[in-house]
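Okay, structure first, notes after.
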Amino acid sequence: MSSDRHCLGVPNQCDYSRDLIARALDGQPTLESINRVQAELADCLPCVQILDVEVRFKVAMSQACRESAPAALQIRITETLQRVVLDDLDIQDF
């Protein structure tokens, strides 16, 4: 971490904190990498909170992805997706 860069203290407006958080959570994050980023962002409570939310989300997603959907649900989802015509969707549909 370069000492000439630091968090600006503005949530979601600081490229430095976004970059730190993204790198810390890339792949399989370690407790060490998360603690290092927390220490780096310690002076900016909003950025520490964003890091916390991102960590919780990543953990929840990794736990949720361990279980597979029941076979009947997988078939229904596949059939539904096959009926969707992407050309008919507009950005406003989302």
Side-chain angles (χ1 to χ4, degrees):
M1 318 255 167
S2 167
S3 61
D4 61 336
R5 296 183 69 200
H6 62 281
C7 178
L8 300 176
V10 182
N12 295 319
Q13 298 299 314
C14 178
D15 291 336
Y16 179 66
S17 64
R18 278 195 306 257
D19 183 51
L20 280 177
I21 291 169
R23 283 188 303 165
L25 299 179
D26 188 34
Q28 278 296 86
T30 64
L31 186 56
E32 180 183 337
S33 67
I34 293 168
N35 286 339
R36 205 171 33 245
V37 172
Q38 278 180 322
E40 188 77 21
L41 300 175
D43 293 334
C44 180
L45 181 59
C47 287
V48 171
Q49 290 172 333
I50 289 170
L51 173 63
D52 184 54
V53 168
E54 294 287 339
V55 167
R56 289 173 189 265
F57 178 77
K58 182 145 184 137
V59 167
M61 290 304 296
S62 70
Q63 290 173 348
C65 292
R66 290 182 187 155
E67 299 176 22
S68 61
L73 178 58
Q74 290 178 11
I75 291 169
R76 270 187 21 224
I77 291 171
T78 301
E79 289 172 347
T80 300
L81 289 174
Q82 288 172 345
R83 288 192 303 263
V84 173
V85 178
L86 295 180
D87 293 337
D88 294 341
L89 293 179
D90 187 355
I91 192 71
Q92 295 173 350
D93 292 330
F94 299 96

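In what follows, every heavy atom counts, from backbone to side chain, and hydrogens, waters and symmetry copies are set aside. For clarity, every value in this text was computed on a predicted model and none was experimentally measured. FYI, the numbering just counts along the sequence from 1.
The distance from the OG1 atom of Thr78 to the CG atom of Leu73 is 9.0 Å, given to the nearest 0.5 Å. Note that the CG atom of Leu45 and the CD1 atom of Ile50 stand 10.0 Å from one another [nearest 0.5 Å].
A salt bridge between Glu32 and Arg36 is present, with a side-chain N of the basic residue lying under 4.0 Å from a carboxylate O of the acidic one.
Here the side chains of Val48 and Val37 are not in contact, with every heavy-atom distance at 4.5 Å or above.
By the rule that hydrophobic residues join a cluster once side-chain heavy atoms approach within less than 4.5 Å of another member, Val59 and Ile21 end up as members of one cluster.
Across Gln38 and Leu51, no two heavy atoms sit closer than the pair CG-CD2, 3.3 Å. Taking each heavy atom of Pro29 and Ala24 in turn, the nearest pair found is CB-O, 3.1 Å.
In this structure, Asp43 places its CG atom where only 12 or fewer heavy-atom neighbours from other residues, nucleotides or ligands lie under 6.0 Å away.
Taking the side chain to side chain contact (heavy atoms under 4.5 Å, CB included) definition, one finds that Leu31 meets it with Asn35, sequence neighbours left out.
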